[in-house]
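Here is the structure we will look at.
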Amino acid sequence: MRYKVSLLLAVFVTTFNIIAQNPIFTSVFTADPSPHVWPADPNTLWVYTSHDEPGSNNHYGMTGYHAFSTTDMVNWTDHGRILHLENVDWAESHAWAMDAAFYRGQYYLVYCMKEAGIGLFRTGIARSDRPEGPFTDLGYVKGVEFGQDPAIFIDDDGTPYLYWGHDRKCYVAELNADLMSIKPETYTDLTSQLTHVFEGPWVHKKDGKYYLTYPGLTPRRWPEKMFYAVADKPLGPYEFKGVFIDDFEGQSGTNHGGTVTYKGKDIMFYHSAWLSGGLSETRSAMADYLDYDKNGNILPIVPSKEGLGNAKRTKTTLKLEAENGFAAGGELYNVIVDTWIKGYSGKGYVTNFDNPYDHVSILAQVAKPAKYRFKVGYASPDGESNHDILINSRVYREFVFPQSKAFTEIDFGIVELKAGDNVVRILKRDWKPSTGDFAIDYIKLEQVFEDEK
Ligand code: FUB
């Protein structure tokens with residue numbers, strides 16, 4: 001196993017209470033959180049994460065990424081799988097840490113995977129016209145070898161920089177405008193400037209200074225602590241400042257994250273092993289406020305159950321758009337994506353359920369067996385339409401969707417999901433009656449807590 005689990009983890013007990021804000025997401029295992037507020041909507045906070053498979057407790061099996069959004073830091077939407085190894089033809093494994101960027105009107109996911117046949121980490125670039133993806137791979141960044149743990153930083157003048165590094169190394173380079181290659185003359189090895197660096201660089205700017213935060217190891221000792229260094233320019237030189245997230249109860253072997261300013265407050269996102277009860281490689285995203293002293297030094301963060309302190313536990317709703325299909329882990333079988341009926345969410349809806357067995361499948365990934373409230377967004381302007389709804393290959397309901405000229409939502413009540421991948425399928429049952437423009441817009445699965453039922 002790659003990381004040694006400390007004695008601290010071995011004695012960890014899951015004590016977080018039911019109104020805990022940390023871990024932030026309790027519906028799915030998440031790691032390496034990358035938080036952002038995009039220019040078009042300062043009211044919405046986005047967090048992009050890598051995904052730990054339940055039951056694996058192993059980084060090697062990581063295969064994809066998720067996007068989450070919120071407007072109140074209590075109610076979160078999990079937009080599902082936004083990119084997967086299956087969608088990246090040059091890669092074979094290790095969907096490890098990523099970052100996201102808004103650049104010249106498009107959203108980018110900057111991620112690392114191992115190149116097929118070679119087994120070296122590359123830094124991949126994928127693009128979407130929407131912050132929630134799904135993202136389409138464009139290839140890997142030329143000039144970056146061993147490109148694990150990329151972070152992209154767009155400076156105020158629009159210049160894009162790429163930071164990356166692992167195994168006690170860290171590098172930076174300016175990217176060319178298409179983001180697909182670095183400018184070789186700007187390539188800089190930062191390793192000697194970042195005491196204890198191991199991997200996972202992240203840069204943010206505060207009062208004109210560039211803060212580079214990174215997980216590091218004090219001489220060869222796991223688990224990772226979070227350190228930082230400060231510079232006057234993105235390429236450095238960086239001045240080492242010290243540790244700001246030290247060892248804490250229930251941490252995982254790794255720590256990795258980033259910062260964001262949201263509604264006037266600075267927040268640090270990172271990860272722990274709290275949700276899995278101390279399984280070091282089955283992680284969960286965390287968030288606490290990030291504060292500075294009057295000299296601009298980052299004050300220590302002590303991970304807390306209260307986290308962002310909203311006195312309410314966080315709650316996640318999976319909102320899975322039907323039209324995202326294969327890219328989001330689903331399937332469109334003999335149906336099409338359309339935009340004719342207005343009022344849909346996302347990029348469109350799925351329609352043309354003309355023949356028996358025509359269907360849309362949607363992937364819902366969850367951490368643990370749990371109950372969720374199941375809702376379907378649909379329209380059926382031309383009359384009622386009969387369908388089977390299957391959850392994990394079993395018929396959950398035979399249902400006649402009533403006529404509805406506009407998009408509307410049906411609440412099917414509580415369903416039980418298993419840990420890992422769940423497939424929800426909406427399938428045309430038979431020839432009667434005519435479905436006309438019957439349209440599936442999305443499914444929602446809302447977390448239900450035991451004391452709420
Ligand atoms: O999540 C997989 C790997 O673990 C990341 O790439 C590292 O930064 C560490 O968090």
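Numbering starts at 1 and runs along the sequence shown. Computed from a prediction, not measured in an experiment: that's the story for all the values here. The basis for the numbers below is simple: all heavy atoms, side chains too, and nothing from hydrogens, waters or symmetry mates.
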(request) Please name the pair of heavy atoms, one in D354 and one in D358, separated by the smallest distance, quoted to 0.1 Å. (result)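 D354 and D358 have their closest heavy atoms at N-OD2, 3.0 Å.
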(request) Identify the heavy atoms of G343 and F407 that sit nearest to each other, and give their distance. (result)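 Looking at all heavy atoms of both residues, the closest pair is C-CD1, 3.6 Å.
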(request) Please determine which of F412, F399, F401, F353 meets the ring pair (Phe, Tyr, Trp, His ring centres under 6.0 Å) test together with Y378. (result)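 Output: one option passes, namely F401.
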(request) With F121 as reference, evaluate F146, Y111, W96, W90 under the ring pair (Phe, Tyr, Trp, His ring centres under 6.0 Å) test and give the passing residue. (result)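 Among the candidates, only W96 passes.
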Without hydrogens or angle criteria, can the side chains of [X] and [Y] be said to hold a donor-acceptor pair below 3.5 Å?
X	Y	result
Q447	T317	no
H387	S385	yes
K347	N324	no
D137	N87	no
T49	H51	no
T351	D338	no
E53	T63	yes
D72	T70	yes

Looking at [Y] and [X], is any side-chain nitrogen of the basic one under 4.0 Å from a carboxylate oxygen of the acidic one?
X	Y	value
E446	K375	yes
E331	R425	yes
R397	D388	no
R122	E115	yes
K371	E416	yes

Any side-chain to backbone donor/acceptor pair from [X] onto [Y]? Under 3.5 Å, distance only.
X	Y	value
Y171	V144	no
E224	D247	no
S280	G253	yes

(request) Test side chain to side chain donor-acceptor pair (under 3.5 Å) on E281 and S56 and set out the steps. (result) CA-CA 8 Å; E281 299 185 19; S56 70; over 6 Å; no
(request) Could you walk me through whether K428 and N386 pass the side chain to side chain donor-acceptor pair (under 3.5 Å) test, one step at a time? (result) CA-CA 7 Å; K428 177 71 181 118; N386 58 335; 2.8 Å; yes
(request) Report the C-alpha separation of S345 and E321 in whole Å, then their side-chain angles, then the decisive distance to 0.1 Å, and conclude whether the side chain to side chain donor-acceptor pair (under 3.5 Å) test is met. (result) CA-CA 8 Å; S345 76; E321 296 287 346; 2.6 Å; yes
(message) Using the rule salt bridge (charged side-chain N to carboxylate O under 4.0 Å, His left out), only one of R373, K319, K444 pairs with E409; which is it?
(response)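 For E409, the salt bridge (charged side-chain N to carboxylate O under 4.0 Å, His left out) check succeeds only for K444.
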Mark yes or no: [X] above the aromatic ring of [Y], with NZ or CZ under 6.0 Å from the six-membered ring centre and no more than 45 degrees from the axis.
X	Y	result
K265	Y289	yes
K142	Y140	yes
R313	F449	yes

(request) Go through T254 and R283 one step at a time and tell me if the side chain to side chain donor-acceptor pair (under 3.5 Å) criterion holds. (result) CA-CA 9 Å; T254 62; R283 300 160 295 176; 3.0 Å; yes
(request) Tell me whether the centres of the aromatic rings in Y270 and W202 are closer together than 6.0 Å. (result)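 Ring centroids of Y270 and W202 are no less than 6.0 Å from each other.
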(message) How long is the straight-line distance from CZ of F25 back to NE2 of H66, given to the nearest 0.5 Å?
(response)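 Those atoms lie 11.0 Å apart.
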(request) Count the heavy atoms belonging to other residues, nucleotides or ligands that lie under 6.0 Å from OH of Y357, then report whether that count exceeds 12. (result)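 Open.
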